[in-house]
Structures are given as C-alpha cells and as structure tokens.
Number of protein chains: 2
Amino acid sequence: MLTLQSESHMLSKSCQYALRAVVYIAEESSTTQLVGAQQMAESLQIPKHFLSKILQQLSRNKLISSTKGPNGGFYLSRENEQVTIDRIIEVIDGPGLFTACVLGLPSCSSAHPCPLHEQAVGYRDGLYHKLKNLTIRELTLVTRLEKKESSTPK
Amino acid sequence: MLTLQSESHMLSKSCQYALRAVVYIAEESSTTQLVGAQQMAESLQIPKHFLSKILQQLSRNKLISSTKGPNGGFYLSRENEQVTIDRIIEVIDGPGLFTACVLGLPSCSSAHPCPLHEQAVGYRDGLYHKLKNLTIRELTLVTRLEKKESSTPK
DNA sequence: CAAATAAAAGATATTAAGGTCTTCTATACT
DNA sequence: AGTATAGAAGACCTTAATATCTTTTATTTG
C-alpha cells in the first residue's frame with residue numbers, strides 16, 4: 001500500500017462538490033435572495049473557480065438557475081426543485097457509474113455477467129432507484145429532519 | 001458534459017485489473033502449473049508492467065503467491081483461496097470506498113449524517129458484507145456456474 | 001556453475017483530474 | 001449612460017493515476 005493507491009470514492013470530487021453545492025443552494029437561496037459562487041465557495045470550503053465551473057455546467061444543463069450582475073447568484077426554480085439527484089451525477093460524472101461493469105469489462109451484461117455482476121448490480125440498481133426518485137428539494141427536507149433528530153437530547 | 005467529466009467507476013482501474021487477475025489466476029493456475037505475468041497480461045489485455053506492479057502488491061500483502069525463475073509465476077495457496085474480495089479492494093484502493101462519505105465530508109457519520117448518508121450506507125454495507133464473505137475460490141465457482149448457464153441453449 | 005527465465009524494483013513518461021488565474025459579458029443600480 | 005457586481009468562458013498550471021521501460025534479483029535447469 002505504498003505507491004499504488006487510488007482512494008476510489010465512487011463519486012468524483014467534482015460530483016461531490018456539485019451535490020454539496022446544490023444542497024446548499026436549496027437551503028440558503030430563495031427567489032428573492034440568491035446565493036453567490038463566492039459565498040458558496042467559502043461556506044463549503046471548495047475552490048471558488050473550480051466550483052464556478054461545476055455550477056456553470058449544472059446551469060447549462062438546466063439543473064440549477066442563475067442570474068448575473070449585482071445581487072446575482074444561483075437559485076432553484078420550481079422545475080429545478082424537482083430535478084433528481086441521479087441527474088446531477090449523470091451530468092457531472094457521466095452515466096457510467098450506474099451502467100458500467102464493476103470490473104470495467106465492456107462485454108459484461110446480465111446475459112454475459114462478470115464474476116461480480118450479480119453482487120454489484122443489486123447494490124447499484126437499488127441506490128440508483130432511490131436517487132432517481134429523490135429530488136433536490138426532498139434531499140434538503142431529509143437533511144433538516146436529520147439535523148432536528150440529532151439535536152434532540154438523548 | 002463537454003470538458004468536465006470523470007467517468008467515475010466505483011473501483012479504480014488498478015483495482016479492476018487486480019480483481020480480473022485474481023480470478024484468472026484462480027482459474028488457470030494450479031500448484032503444479034503457475035501462470036506468468038506475461039501470459040496473464042496478454043489474455044486479460046492489461047499492460048504487462050502495470051499488471052506486474054499490481055500483482056507484486058497483492059503478493060506482498062499475501063493475497064496471492066509467486067515464485068521466481070523458470071516456470072515461475074503466480075498461484076493461489078490454500079490460504080490465498082480463502083482470501084475475500086474486500087481485502088483485494090482494500091489493498092489496492094484503500095478502505096475509503098466502504099467507509100468514506102459519498103459526498104466526501106469528513107464529518108459525516110451516522111451521528112451526523114450527510115443528506116445522502118442513509119441512502120448510500122444501506123446499499124454500501126450490503127455490498128461490503130457480501131464481498132467480505134466472498135472468497136476468491138467462491139468467486140470462480142460463481143463464474144463457472146454462470147458460464148454453464150449462459151451456454152445452456154434456450 | 002552457467003544460462004535462461006521470470007518476478008521484483010525503480011525510474012521515467014503520459015494522460016486525466018483537479019485546481020488557479022485572467023478576461024469577457026450580462027445585469028442592476030445610481 | 002456609467003460603474004460596479006457577479007457569473008461565463010477559456011487559458012493555464014499542478015498533481016495523481018495510469019502506463020512504459022530498464023535494471024536487478026532470485027530461482028530453476030542443464
């Protein structure tokens with residue numbers, strides 16, 4: 001474990017940033033009060049310009065909304081709030097995570113499964129199904145609920 | 001989806017190679033007939049020297065065995081056959097995949113869950129449990145079974 | 001013991017992800 | 001209209017993963 005080590009993390013850093021940013025936008029912004037990339041980068045401890053790129057990409061793909069100029073920033077439209085988490089992952093990391101073979105075999109499929117196919121697919125499809133039905137808005141509600149619970153004295 | 005794209009794959013390429021190699025060794029080698037890195041690289045279509053490094057790392061960590069010299073190569077000892085798949089992933093990619101937060105938050109835990117914690121942990125732990133109880137030997141048996149099934153005429 | 005073989009080791013190259021900086025453009029407000 | 005603000009865009013740099021090449025060491029076999 002000296003030289004070789006990838007620290008595989010399932011989602012790329014870009015994608016992790018994207019998800020954290022979207023949650024932040026959902027929580028901190030409203031149609032009257034937008035949230036800037038600057039502020040977001042500081043609060044989330046993400047390099048500003050790198051975050052900007054990610055936000056732009058999400059914006060271009062209509063997953064979040066933005067306005068330029070003074071008091072500009074990012075926010076979620078009604079439509080954006082219904083965007084599901086799998087879409088964000090798909091836009092940033094591509095569809096590979098939920099479709100590609102765990103062993104990277106192009107020929108692997110349910111008809112010609114690799115040795116790990118069955119083990120992996122169950123896990124993957126389950127998560128995919130949840131994420132496909134989990135909207136940005138719902139995700140923040142979950143968070144608020146969890147926060148409330150964890151602040152309850154035991 | 002133009003410039004930014006990570007093609008996240010859950011397991012690093014090194015790790016995918018490692019798993020494919022281990023399966024290959026389990027299937028093709030015996031205590032009398034070892035399998036060389038050369039042959040393995042050709043059969044599995046993996047860069048030879050890169051594969052060698054991975055095999056060395058597995059060998060150093062006692063997950064596979066090797067002997068040098070003519071007719072040398074890699075094989076699985078009795079102990080190696082009982083090695084579980086999670087160990088291979090751990091040695092190559094580190095323990096992160098099964099412990100780190102999906103969003104990359106260091107503070108995330110079941111006590112202080114991130115918004116995706118519950119969604120991710122259930123499936124992750126499920127897969128981990130399976131891999132932790134799946135030995136190299138068992139994995140090849142699964143493969144053989146699947147091959148047999150897929151060769152059965154419908 | 002010499003020659004051949006094959007893994008081990010390590011230096012080096014390539015590529016892609018991650019991160020930074022500068023310039024440009026749209027918008028709001030005076 | 002002019003100026004300040006903040007996102008958009010793109011060039012550029014750094015680091016880590018991936019890949020290649022060369023040398024060394026251990027082992028077998030004649």
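Every heavy atom of this structure was used, including side-chain atoms; hydrogens, water molecules and symmetry mates were not. Sequence lines set the chain letters: A, B, ... in the order given, protein chains first and strands last, and positions in each chain run from 1.
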Atom pairs under 3.5 Å, N or O on each side, protein against nucleotides 20-27 of chain C: can you list them with distances?
none

Review point. Does any N or O in the side chain of D93(A) come within less than 3.5 Å of the main-chain N or O of I89(A), such that one atom is a donor and the other an acceptor?
Key: no
Tell me: [atom1] of [X] to [atom2] of [N], nearest whole Å?
X: K13(A); N: dT15(D); atom1: NZ; atom2: P; value: 13 Å
X: D93(A); N: dA17(C); atom1: CG; atom2: P; value: 9 Å
X: I54(B); N: dT20(D); atom1: CD1; atom2: P; value: 12 Å
X: Q56(A); N: dA9(D); atom1: CD; atom2: P; value: 6 Å
X: R60(B); N: dA7(C); atom1: CZ; atom2: C1'; value: 12 Å
X: L55(B); N: dA6(C); atom1: CG; atom2: P; value: 15 Å
X: I64(B); N: dA7(C); atom1: CD1; atom2: P; value: 10 Å
X: I92(A); N: dG19(C); atom1: CD1; atom2: C1'; value: 15 Å

Point to revise | Short side-chain N/O contact from Y17(A) to OP1 or OP2 of dG18(C), under 4.0 Å | key: no
Practice item. Respond yes when some side-chain nitrogen or oxygen of S66(B) is under 4.0 Å from OP1 or OP2 of dA6(C), and no when none is. Key: no
Practice item. Find out if a path of hydrophobic residues (ILVMFWY) with successive side-chain heavy-atom gaps under 4.5 Å connects Y75(A) to V83(A). Key: no
Point to revise | ILVMFWY cluster, L51(A) and L34(A) together (side-chain gap under 4.5 Å) | key: no
Practice item. Sort out for me which residue in T140(A), V22(A), I136(A), V23(A) forms a side-chain contact (heavy atoms from CB on, under 4.5 Å) with P115(B). Key: V23(A)
Review point. Among dG7(D), dA8(D), dA19(D), which nucleotide sits nearest the side chain of S59(A)?
Key: dA8(D)
Practice item. Among the candidates dA8(C), dA8(D), dT18(D), find the nucleotide nearest to the side-chain atoms of S14(B). Key: dT18(D)
Exercise for review: Could you please spell out the steps behind the side-chain hydrogen bond (donor to acceptor under 3.5 Å, both in side chains) verdict for Y24(A) and S43(A)?
Suggested key: CA-CA 9 Å; Y24(A) 186 84; S43(A) 299; 3.1 Å; yes
Practice item. If the plane angle is over 60° it's perpendicular, under 30° parallel, otherwise tilted; pick one for F50(B) and Y17(B). Key: perpendicular
Review point. With a 4.0 Å cut-off on heavy atoms, is S52(A) in touch with a base, just the backbone sugar-phosphate, or nothing at all?
Key: nothing
Point to revise | Atom pair CD/CG of Q82(B) and L76(B) - distance to nearest 0.5 Å | key: 10.5 Å
